[in-house]
J.: 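Structure incoming, see below.
Letters go in sequence order (proteins before strands), and every chain restarts at 1.
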Amino acid sequence: MGITSSESFFEKVYAVVRRIPQGKVATYGDIAKSIGSPGAARMVGWAMNASHALDDVPAHRVVNRNGLLTGKAHFAHPDLMQQLLENEGIVVIDNQIQDFKTKIWVPPLPEEA
DNA sequence: AAGGTGACCGGCC
DNA sequence: TGGCCGGCCACCT
């Protein structure tokens with residue numbers, strides 16, 4: 001695997017994820033929409049899996065639509081994702097982000113940007 | 001070149 | 001009120 005092109009779908013995903021403010025989270029679906037590929041939410045998750053090597057992509061700030069830490073298993077440590085979030089002031093109980101509605105950050109759509 | 005796959009989503013039982 | 005099913009799209013073999 002590897003980055004085949006600097007303009008790949010993955011790179012677009014990373015660009016958005018890098019913009020997620022500290023203490024906030026974004027959903028896979030919203031990120032997919034923001035890069036002009038609504039419905040490619042699953043691929044966003046895949047991109048996160050590949051972002052492993054990159055140190056400037058805050059993959060822990062990406063959760064599913066319910067505010068659930070569905071990707072935690074893919075981190076170096078199963079509890080690493082939760083710890084990183086709690087470091088930023090987000091409370092997580094049983095893989096669920098508390099007060100999720102106020103923590104969510106919606107990336108700008110292509111039209112708005 | 002075709003098919004399998006996944007850190008999802010929405011809608012329908 | 002919760003679980004299942006199908007669709008979805010880019011990437012990999």
Side-chain angles (χ1 to χ4, degrees):
Chain A
M1 333 206 227
I3 292 110
T4 53
S5 162
S6 61
E7 298 184 1
S8 67
F9 177 90
F10 281 20
E11 285 295 331
K12 291 182 186 173
V13 173
Y14 299 151
V16 174
V17 174
R18 276 190 273 255
R19 290 188 191 111
I20 304 175
Q22 219 182 60
K24 295 284 186 175
V25 294
T27 70
Y28 299 98
D30 284 343
I31 292 173
K33 284 184 200 168
S34 77
I35 60 176
S37 298
R42 310 177 86 186
M43 193 45 55
V44 172
W46 203 317
M48 291 292 93
N49 191 31
S51 79
H52 222 283
L54 306 170
D55 53 341
D56 62 334
V57 178
H60 62 280
R61 297 186 189 139
V62 185
V63 298
N64 81 343
R65 72 182 187 278
N66 299 316
L68 217 52
L69 276 55
T70 50
K72 62 173 289 188
H74 290 270
F75 283 77
H77 235 344
D79 291 327
L80 181 58
M81 185 176 187
Q82 174 168 343
Q83 288 175 9
L84 290 172
L85 287 172
E86 289 181 335
N87 257 4
E88 302 182 357
I90 292 179
V91 181
V92 179
I93 299 179
D94 199 25
N95 296 334
Q96 169 66 50
I97 292 181
Q98 304 301 298
D99 205 5
F100 178 52
K101 287 287 180 67
T102 68
K103 307 296 182 193
I104 192 172
W105 175 79
V106 181
L109 295 174
E111 314 158 0
E112 303 174 351

J.: Which nucleotide, in any strand shown, forms a Watson-Crick or G-U wobble pair with B/dC9, with both distances under 3.5 Å?
T.: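 With both distances under 3.5 Å, B/dC9 matches C/dG6.
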J.: Given side chains that start at C-beta, do those of A/I31 and A/V17 come closer than 4.5 Å, heavy atoms only?
T.: yes
J.: Any base atoms under 4.0 Å from A/F10, or only sugar-phosphate, or nothing? Heavy atoms, all strands.
T.: sugar-phosphate
J.: In the 5'-to-3' direction, what one-character label does each nucleotide of nucleotides 8-13 of chain B receive under the scheme B = base within less than 4.0 Å of a protein heavy atom, S = sugar-phosphate only, - = no such atom?
T.: BBB---
J.: Which pair of heavy atoms, one from A/F10 and one from A/A47, lies closest together, and at what distance?
T.: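 Reported closest heavy-atom pair: CD1-CB, 3.7 Å.
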J.: Any side-chain heavy atom of A/F75 within less than 4.5 Å of one from A/H52?
T.: no
J.: How many Å lie between CD on A/E11 and C1' on C/dC11, as a whole number?
T.: 14 Å
J.: How close or far is atom P of B/dA7 from atom CG of A/L80, stated in whole angstroms?
T.: 17 Å
J.: Could you tell me how far apart A/L85 (CG) and B/dA7 (P) are, to the nearest whole angstrom?
T.: 18 Å
J.: Between A/E88 and A/R61, is there a salt bridge with N-O shorter than 4.0 Å?
T.: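 Salt bridge between A/R61 and A/E88, a charged N being under 4.0 Å from a carboxylate O: yes.
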J.: Atom NE2 of A/H74 to atom C1' of B/dA7: distance rounded to whole Å?
T.: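 Checked: the NE2 to C1' distance equals 5 Å.
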J.: Do A/K33 and A/Y28 have side chains that approach each other closer than 4.5 Å (heavy atoms only, starting at C-beta)?
T.: no
J.: Using whole Å, report how far CE of A/M81 lies from P of B/dA7.
T.: 12 Å
J.: Please report the distance, rounded to the nearest Å, between CD1 in A/I35 and P in C/dA10.
T.: 8 Å
J.: Heavy-atom distance under 4.5 Å between the side chains of A/I20 and A/V62, does that happen here?
T.: yes
J.: Would you mind reading off the distance between A/W46 atom CH2 and B/dG4 atom P, rounded to a whole angstrom?
T.: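 Whole-Å distance recorded here is 13 Å.
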J.: Starting at CG of A/N95 and ending at P of B/dA7, how long is that distance when rounded to a whole Å?
T.: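 After rounding, the reported distance stands at 15 Å.
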